[in-house]
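A, B, ... follow the sequence lines: proteins, then strands. Residue 1 opens every chain. Basis for what follows: all heavy atoms, side chains included, without hydrogens, waters or symmetry-related copies.
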There are 2 protein chains.
Amino acid sequence: MAAKNSGARSKRTRRTSERPPPVQEPPLSRERIVTTAVELLDAQGIEGLTMRRLADRLGAGVMSLYWHVDKKEDVFDLALDAVLDYRASPPGNEPQDWRGEAIHMLEDWRASMLRHPWSASLLPRRVLGPNILSRLERLSQILSRAGVADTNLNAAIWSLWNYVMGATITRASFDVSDDDRAAAQQRLTRLSERYPTIERSRLLLDDDWNGAFRKGLGFLLDGLSPK
Amino acid sequence: MAAKNSGARSKRTRRTSERPPPVQEPPLSRERIVTTAVELLDAQGIEGLTMRRLADRLGAGVMSLYWHVDKKEDVFDLALDAVLDYRASPPGNEPQDWRGEAIHMLEDWRASMLRHPWSASLLPRRVLGPNILSRLERLSQILSRAGVADTNLNAAIWSLWNYVMGATITRASFDVSDDDRAAAQQRLTRLSERYPTIERSRLLLDDDWNGAFRKGLGFLLDGLSPK
DNA sequence: TATCGTATAGTACTTTGTACGAGTCAATCC
DNA sequence: GGATTGACTCGTACAAAGTACTATACGATA
């Protein structure tokens, strides 16, 4: 139990001499499992990931997965952190001012997750994988350099985190279909005496998500800027 | 199929004349199902809600539930909106300034959900139940009265929504155990060369969640205030 | 050669959501 | 009144899923 999966593994030297069926999958490994899990999640969504299907894709037996992973939950955790790999994001020509840097980094954060919409539904779990941590570290540095007071630093970090997570989850939830949104707005119009203000502003029909995200982020950064 | 559950139901006049076992549960209804589901969720968490257990608590057969509800998912949707009932929140003596009003209402929003931590993990689904809508309506009115420009109104609403949702989900995720947070911070200390800044600020040990929420909300409202 | 650690799988058990169809009872219609 | 209908309940059954248990294979080490 203690001996099983933990840390780096899968230094393997097998297959030095040929085996009868030479056309064979490479050996299982935590990395292969995670990569395939992400593929499967992209293809079939969160309900589509079952241990059996995952094993099939890997050309392995179901129970073999459990050598590398404790529970199905672990697969989800690993997949989520994998999606958030910051180094995988193109560096771009980052602006020099802290504001631009923060915007760039937070928009990339959101975009990375929206590229894999299932990842948002995994958020409500305690995740502090290495990739998330380095993003937080990065953010902290930017704000620190920007002159945010030390006493405000943690609150500032969390507020940006909250904003980004909330925006991502919301966007991903509404991603399912534009029709639904239209339907909701219609329902709203029918009840316009109960919800007059948001009906008038067509809150639910506004589909410039990216613009709204950036605008709101702007509000928050304005509030955060040292005066 | 079309005839089944839709809209108001369960006007029932049975049991006017006594039945042999007079000590009997009241008839099933969507409302009873939702109420009991919330109780069960409070007691056993999100994994604890199974249709069988729910039926047991109701003193009913499993399949009877399906007359009032299409799928298990519906139970979740209904439970989530039930928790967000705004009228159920104590009115309190609301301050007159728009800022205080907004803070009051948004803190109540978060608190209502944290009273039922499972509700946060239900968020990543498309929910626009009546209770959520009235909260959005309320928020819109407050901001509108505060003088937020019409062109900014929707973005302002969504940014507050994002902030509150993100904060709630985050808080609920970390609710599980303080030990985990300490463990994470330790892991972080071990890797302090990789995450020096957030290690130094003890980002993960800060446990004044309410204060941080209010502070961050302050930042955002500052940024939103018409200049 | 015997042993051990790593790794793979088959089988089987349990828990779940829910389809199907039969049943009950009150209200309605002839 | 008797038949019909529609609202509602529930037992049975099935398929899909997570995973415990166990047997097996193989390379490296003693």
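Between R53(B) and dT15(C) there is no side-chain polar atom (N or O) within less than 4.0 angstrom of OP1 or OP2. In this structure, H68(A) does not reach the dT6(C) phosphate: none of its side-chain N or O atoms is under 4.0 Å from OP1 or OP2. At least one side-chain nitrogen or oxygen of S64(A) sits closer than 4.0 Å to the OP1 or OP2 atom of dA9(C).
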Sort me out a list of protein N/O and nucleotides 17-20 of chain C N/O pairs below 3.5 Å, or just none if empty.
from, atom 1, to, atom 2, distance (Å)
dG17(C), OP1, K72(B), NZ, 2.5
dG17(C), OP2, M51(B), N, 3.0
dG17(C), N7, R52(B), NH2, 2.6
dG17(C), O6, R52(B), NH2, 2.7
dT18(C), OP2, Y66(B), OH, 2.8
dT18(C), OP2, K72(B), N, 3.0

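Remark: the W158(B) side chain and the T170(A) side chain contain no N/O donor-acceptor pair separated by less than 3.5 Å.
Nucleotide dC10(D) holds its P atom 9 Å from the CG atom of L65(B), rounded to whole Å. Separating the CD1 atom of I46(B) from the P atom of dT16(C) is a distance of 15 Å, rounded to the nearest angstrom. In this structure, W67(B) atom CH2 and dG11(D) atom P are separated by 18 Å, rounded to whole Å. Following rounding to the nearest Å, F76(A) (CZ) and dG18(D) (P) show an atom-to-atom distance of 8 Å. Across the protein-nucleic acid pair, L54(A) atom CG and dA17(D) atom C1' stand 13 Å apart, rounded to whole Å. To the nearest angstrom, P of dT16(C) lies 10 Å from CD of Q44(B).
W161(A) and L136(A) get closest at one heavy-atom pair: CE3-CD2, 3.8 Å.
At a threshold of 4.0 angstrom between heavy atoms, the contacts of A60(A) are confined to the sugar-phosphate backbone, with no base atom among them.
S201(A) contributes no side-chain N or O that, together with a main-chain N or O of N154(B), makes up a donor-acceptor pair within less than 3.5 Å.
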Output a table of donor-acceptor pairs, distance under 3.5 Å, between side-chain atoms of residues 42-57 of chain A and any protein atom two or more places apart or on a different chain; print 'none' if there are none.
from, atom 1, to, atom 2, distance (Å)
D42(A), OD1, H116(A), ND1, 2.8
D42(A), OD1, W118(A), NE1, 2.7
D42(A), OD2, H116(A), ND1, 3.1
T50(A), OG1, R53(A), N, 3.1
R53(A), NE, G48(A), O, 2.8
R53(A), NH2, G48(A), O, 3.4

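Here L114(B) contributes atom CG and W109(B) contributes atom CH2; the two are 13.5 Å apart, rounded to the nearest 0.5 Å.
Residues satisfying the salt bridge (charged side-chain N to carboxylate O under 4.0 Å, His left out) criterion with R194(B), sequence neighbours excluded, are absent altogether.
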